[in-house]
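One-based numbering along the sequence shown.
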Amino acid sequence: MKPTIWYIHGANASPTSFNYIKSQLPDHDAVDITYSAYDSIGSTIAQLVKKLKQPVHIIAHSLGGVIGVALSQMKPQFVRSVTTMGTPFGGSEIATRAAVLMPFDPFLNNITTFNPVLLAVRQRGAVVPTMTIVTTKGGNTFESAPNDGVVTVASQLALEKPTVVIQVPLNHFESLLAPSTIQAITTFHEELLSP
């Protein structure tokens, strides 16, 4: 029986961002999950948890990784594994500062460092096998901490108890197109399926 993989894209992206990964992984049933980064992240998670009715693996990028881990926390009986790439588990300092000027911006509020959903997800941590691919090559000059051009390395490392953490010298978007990402995902899933 082929595994089912839910692909959850990053903020302001679309399922097409996973086209390379989908084409390189062994045969599976791919399910594209879409959402708007301008909807409350809590309501997005609540809507998606209702759709979880069969065992799935989740591969997610950026904000999609927060959603994927939250789904695994709420329905661990259906989520077999989660793979995240460039995920802002610790939120964004830049968004937190910008939210002071634009306090009602829904996207900014979804990724502030004090967003209650992000706080709960990162503190509860991984409850199913979870691989976090941390992207380290970037250089957003608006962010003083090491970052991948979008998310700081510290934010990506904020999730408690991941099963595997891999740091790769890629920027935020290169992880979606890198052979090393395919190798990491394939190895992680082989380990999960081995006796």
Side-chain angles (χ1 to χ4, degrees), residues 5-23 30-52 56 58-72 82-122 131-159 168 170-178 181 185:
I5 299 177
W6 277 21
Y7 290 92
I8 308 176
H9 60 78
N12 301 318
S14 75
T16 61
S17 58
F18 290 107
N19 283 352
Y20 173 72
I21 291 174
K22 287 180 198 174
S23 74
V31 177
D32 292 331
I33 302 298
T34 60
Y35 67 96
S36 170
Y38 291 89
D39 292 336
S40 155
I41 191 169
S43 65
T44 297
I45 292 165
Q47 290 170 13
L48 290 174
V49 80
K50 292 176 189 173
K51 295 181 179 185
L52 258 178
V56 302
I58 294 174
I59 296 178
H61 181 245
S62 200
L63 188 58
V66 174
I67 295 167
V69 171
L71 294 173
S72 74
V82 180
T83 298
T84 70
M85 295 169 270
T87 297
F89 293 111
S92 166
E93 291 287 344
I94 294 172
T96 302
R97 291 190 296 268
V100 171
L101 300 173
M102 297 180 287
F104 301 108
D105 184 284
F107 172 64
L108 293 177
N109 285 314
N110 276 335
I111 58 172
T112 61
T113 57
F114 54 82
N115 177 289
V117 174
L118 266 66
L119 285 167
V121 166
R122 73 175 167 256
M131 177 172 62
T132 302
I133 298 174
V134 178
T135 45
T136 62
K137 179 182 150 193
N140 182 339
T141 56
F142 293 106
E143 181 61 68
S144 60
N147 64 82
D148 68 1
V150 176
V151 179
T152 66
V153 171
S155 181
Q156 294 176 65
L157 291 169
L159 180 69
V168 294
L170 301 168
N171 74 30
H172 191 70
F173 302 102
E174 289 171 338
S175 61
L176 292 163
L177 300 169
T181 300
I185 293 170

How about [X] and [Y]: do any of their side-chain heavy atoms sit closer than 4.5 Å?
X: Leu71; Y: Ile45; result: yes
X: Ile41; Y: Leu118; result: yes
X: Lys51; Y: Trp6; result: yes
X: Leu159; Y: Thr84; result: no

Which pairs with one or both residues in residues 9-20 pass salt bridge (Lys or Arg N to Asp or Glu O under 4.0 Å), sequence neighbours excluded?
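For residues 9-20: none.
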
Point-to-point distance, once rounded to the nearest 0.5 Å, from [atom1] of [X] to [atom2] of [Y]:
X: Leu63; Y: Ile67; atom1: CG; atom2: CD1; answer: 5.0 Å
X: Leu119; Y: Phe114; atom1: CG; atom2: CZ; answer: 9.5 Å
X: Ile111; Y: Ser92; atom1: CD1; atom2: OG; answer: 4.5 Å
X: Gln156; Y: Met85; atom1: CD; atom2: CE; answer: 11.5 Å
X: Thr132; Y: Phe89; atom1: OG1; atom2: CZ; answer: 5.0 Å
X: Glu174; Y: Thr135; atom1: CD; atom2: OG1; answer: 9.0 Å

Counting distance only, does the side-chain N/O of [X] pair as donor-acceptor with the main-chain N or O of [Y] below 3.5 Å?
X: Thr136; Y: Val168; value: yes
X: Thr181; Y: Ser175; value: yes
X: Asn115; Y: Asn109; value: yes
X: Asn12; Y: Ala37; value: no
X: His61; Y: Phe173; value: no
X: Asp39; Y: Thr44; value: no
X: Thr112; Y: Thr96; value: no

Locate the shortest heavy-atom distance separating [X] from [Y]; write the atom from each residue and the value.
X: Thr113; Y: Gly90; value: CG2-O, 3.4 Å
X: His9; Y: Ser14; value: CB-O, 3.5 Å
X: Ser62; Y: His172; value: OG-NE2, 3.0 Å
X: Asp32; Y: Pro15; value: CG-CB, 3.4 Å
X: Leu108; Y: Ala99; value: CD1-N, 4.0 Å
X: Pro88; Y: Val66; value: O-CG2, 4.1 Å

Quick one: list whatever passes ring-ring contact (aromatic ring centres under 6.0 Å, His included) with Tyr38, sequence neighbours left out.
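With neighbours one apart ignored, the set is Phe107.
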
Using the side-chain contact (heavy atoms from CB on, under 4.5 Å) definition, which of the options Ile59, Thr83, Val31, Ile58 pairs with Ile5?
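It is Ile59, the one option of Ile59, Thr83, Val31, Ile58 that forms the side-chain contact (heavy atoms from CB on, under 4.5 Å) with Ile5.
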
